[in-house]
Amino acid sequence: MDLRLYNTLTKEKQPLRPLDPSRVRMYVCGPTVYDFAHIGNARPVIVFDVLFRLLRHVYGADHVAYVRNITDVDDKINARAARDFPDLPLNAAIRKVTEETEAQFHADVDALGCLRPSVEPRATEHIPEMRAIVEKLIKRRHAYVERDHVLFAVASMKTYGRLARRSLDEMLAGARIDVAPYKRDAMDFVLWKPSKPGEPSWPSPAGIAVEGRPGWHLECSAMAWKHLGEQFDIHGGGIDLVFPHHENELAQSCCAFHHDRMANVWMHNGFLQVEGEKMSKSLGNFVTIRELREGWAGYAWPGDALRFAMLGTHYRQPIDWTAKSLDEAHKTLWRWYGDLDGVAPAPVMPDEVLAMLADDLNTSGAIAVLHALHKGGRLAELRAALSFLGFGCEQRRLQRRPAAVATVEIEMTDAPIKVIVQPLSEADVAQRIAERAAARAARNFAESDRIRDELAAMGIVLKDGKDADGKPVTTWEVAR
RNA sequence: GGCCACGUGGCGGAGUGGUUACGCAGCGGUCUGCAAAACCGUUUACCCCGGUUCAAUUCCGGGCGUGGCCUCCA
């Protein structure tokens, strides 16, 4: 089967032709571990998880290598460590921050139904590879040493700017940056820089006497090289990484290893907004995966619903993350999962779904096929397709509980008021259903409706029906 | 200021040079003491202006709008 993917490098969809079909290789830029991952971070994780699953299906589970790095050296990490653990030595504090954040990240993306990548390398475990790349670049005159920094000389690479499709002249014309005094060319970027006292540091390359640390882009070149080789098939990440991160990564790797390509296909997911606005802490609409899972827009949302809402939009389109679309996603899955109870998955994935995914990961098209499968009663196939896409298909794990503590904004006051939602025991529910049944038998519908409304207000939905003998029977479930 | 992407019915969201995806909501119906849930049926579209074409929502040019990148960023 032909898998067609949109390539940022060529701006068109192309059939994937792996360099080695017995080992298809994909690298995706992972998190910098200093804080909870937000919903925007979740997008590439989910999108490339779907691609990973598709590649495993097409080429075989043992023939796909998926590398997603963990960036554990960064100024933001240092700042967070100093803030949160002022009593610890900086390096110990940094270790605490990165380990805790990594565990949070894993818990969150596991809940989103994402498979773990084949390898999750850490930047700090690849310093020797980074130094080796720096040495190669200097030797080939693509990099130079200045004031204990090592810089990449963009003028030494004819095709610099090819990925982002902008020339050096354009970049210089639009630049609003102060050029550091150690740069020969305004667009040159740092490969290695000296560490300040107390900061993490490693022996420097290129004969630099003082210890230092890597620039931002170098780690990905090093980790991709170590785990996937000099050239590989797919490199992914958010569209905001095209420039400068991926452009620079590509420049480093191509110049260090003398290739015209680093990855054959570069894939970028579109940006995410929240309720129509750019997500930012200052706007107060910054939403983490953890918040969504524990309480957002009134509910603790199950990971499957978050995943479904995310896949409802094609990965290259911008996506507006709203409570409404999340609610819609949850409602759809709720209905399907209810019907899938006890249904065994079909042994093979429906071709229609596969065809959609093979066309540049058309997940919204695939979801339309799922609707058709559901409507057509092809439940075994629906289940197979949902499982393939990473969904759990268990309704009891899909309940969106009202957030234990809901925050209600009251006008004219500064402080939010907290409302505690009281839990209700199953015995309480059974008791009230019995009371209501008695009221109904007596045709006291005012009382029976009152009880039903009361339970509804507490998130319990009653369903009246008849048993085999035609007697009225009421069942209940937690409202979705 | 420079570069780039996008603009589809009330909302979300695919896709296509000619045969009105799909979902949600709405409306009508089945069911129900009444509801809820579920199920059945159903209305509404392709930002504006030019051009190419027998034919454009789909291709080309311009405009307007939204968003992104150029600085840390998925």
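Owing to the predicted nature of the structure, the values given are computational and were not obtained by experimental measurement. All chains are named by letter (A, B, ...) in the order of the sequence lines, taking the proteins before the strands, and each is independently numbered beginning at 1. Values reported hereafter were calculated over all heavy atoms of this structure, with side chains retained and with hydrogens, waters and symmetry mates removed.
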Checking contacts here: which listed nucleotide ([options]) is nearest the side-chain heavy atoms of [X]?
| X | options | value |
| --- | --- | --- |
| A:Ala368 | B:C22, B:C70, B:C39 | B:C22 |
| A:Glu328 | B:G33, B:C69, B:C24 | B:C24 |
| A:Arg436 | B:C70, B:C34, B:A74 | B:C34 |
| A:Ser364 | B:A25, B:A14, B:A74 | B:A14 |
| A:Lys331 | B:A74, B:G13, B:A25 | B:A25 |
| A:Lys76 | B:G23, B:C72, B:A14 | B:C72 |
| A:Lys278 | B:A74, B:C24, B:C69 | B:C69 |
| A:Arg166 | B:C22, B:C3, B:A36 | B:C3 |
| A:Gln273 | B:G67, B:C24, B:C70 | B:G67 |

Below 3.5 Å, does any donor atom in the side chain of [X] face an acceptor in the base of [N], or the other way round?
| X | N | answer |
| --- | --- | --- |
| A:Arg335 | B:A38 | no |
| A:Asp449 | B:G33 | yes |
| A:Asp240 | B:C70 | no |
| A:Arg165 | B:C69 | no |

Of all heavy-atom pairs linking A:Thr313 and A:Gln317, the shortest is CG2-CB, 3.6 Å
Could you tell me how far apart [X] ([atom1]) and [N] ([atom2]) are, to the nearest whole angstrom?
| X | N | atom1 | atom2 | result |
| --- | --- | --- | --- | --- |
| A:Met356 | B:G15 | CE | C1' | 8 Å |
| A:Trp321 | B:G12 | CH2 | C1' | 13 Å |
| A:Lys13 | B:A14 | NZ | P | 12 Å |
| A:Glu275 | B:C11 | CD | P | 15 Å |
| A:Phe308 | B:G13 | CZ | P | 13 Å |
| A:Leu373 | B:C22 | CG | C1' | 13 Å |
| A:His245 | B:G68 | NE2 | P | 20 Å |
| A:His246 | B:G68 | NE2 | C1' | 15 Å |

Pairwise [atom1] distance for [N] and [M], with rounding to whole Å:
| N | M | atom1 | result |
| --- | --- | --- | --- |
| B:U57 | B:A14 | C1' | 13 Å |
| B:G51 | B:U58 | C1' | 15 Å |
| B:C60 | B:C27 | C1' | 42 Å |
| B:C59 | B:C69 | P | 26 Å |
| B:C22 | B:C54 | C1' | 32 Å |
| B:C31 | B:G41 | C1' | 15 Å |
| B:C46 | B:U16 | C1' | 11 Å |
| B:C64 | B:G26 | C1' | 32 Å |

Could you tell me whether [X] and [Y] have a side-chain N and a carboxylate O separated by less than 4.0 Å?
| X | Y | answer |
| --- | --- | --- |
| A:Arg450 | A:Asp453 | no |
| A:Asp72 | A:Arg95 | no |
| A:Glu247 | A:Arg165 | no |
| A:Lys13 | A:Asp359 | yes |
| A:Arg290 | A:Asp35 | no |
| A:Asp84 | A:Lys96 | no |

Could you tell me whether [X] contacts a base, only the sugar-phosphate backbone, or nothing, with contacts defined as non-hydrogen atoms closer than 4.0 Å?
| X | value |
| --- | --- |
| A:His314 | sugar-phosphate |
| A:Gly312 | sugar-phosphate |
| A:Thr313 | sugar-phosphate |
| A:Leu462 | base |
| A:His374 | sugar-phosphate |
| A:Ser448 | base |

Any protein N or O atoms within reach of nucleotides 5-7 of chain B? Criterion: under 3.5 Å, listing atom names and distances.
unit_1 : atom_1 : unit_2  : atom_2 : d
B:A5   : OP1    : A:Lys11 : NZ     : 2.7

Compare the aromatic ring of A:Phe271 with the six-membered base ring of B:A74 and state whether they stack according to the 5.5 Å and 30° rule.
-> yes
Quick one: do the [X] and [Y] side chains pair a donor with an acceptor below 3.5 Å?
| X | Y | answer |
| --- | --- | --- |
| A:His217 | A:His246 | no |
| A:Glu100 | A:Gln104 | no |
| A:Asp327 | A:Tyr299 | no |
| A:His38 | A:Thr288 | no |
| A:Glu275 | A:Thr322 | no |

Under a 3.5 Å cut-off for both contacts, is [N] paired Watson-Crick or G-U wobble with anything, and if yes, with which nucleotide?
| N | result |
| --- | --- |
| B:C59 | B:G51 |
| B:A5 | B:U66 |
| B:C27 | B:G41 |
| B:A21 | none |

Compile the donor-acceptor pairs under 3.5 Å between side chains in residues 148-158 of chain A and protein atoms, sequence neighbours left out, one pair per line.
unit_1   : atom_1 : unit_2   : atom_2 : d
A:His149 : ND1    : A:Arg147 : O      : 3.0
A:Ser156 : OG     : A:His142 : ND1    : 2.7
A:Ser156 : OG     : A:Ala153 : O      : 2.7

Of A:Cys29 and A:His371, whose closest RNA chain B nucleotide lies nearer the 5' terminus?
->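 The answer here is A:His371.
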Closest-nucleotide 5' rank along RNA chain B - winner of A:Leu272 and A:Thr332 =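 Residue closer to the 5' terminus by nearest nucleotide: A:Thr332.
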Under a 4.0 Å heavy-atom cut-off, which of residues 96-103 of chain A touch RNA chain B?
->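 Those residues whose heavy atoms fall under 4.0 Å from RNA chain B, taken from residues 96-103 of chain A, amount to none.
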CZ on A:Arg436 to OG on A:Ser448, rounded to 0.5 Å | 5.0 Å
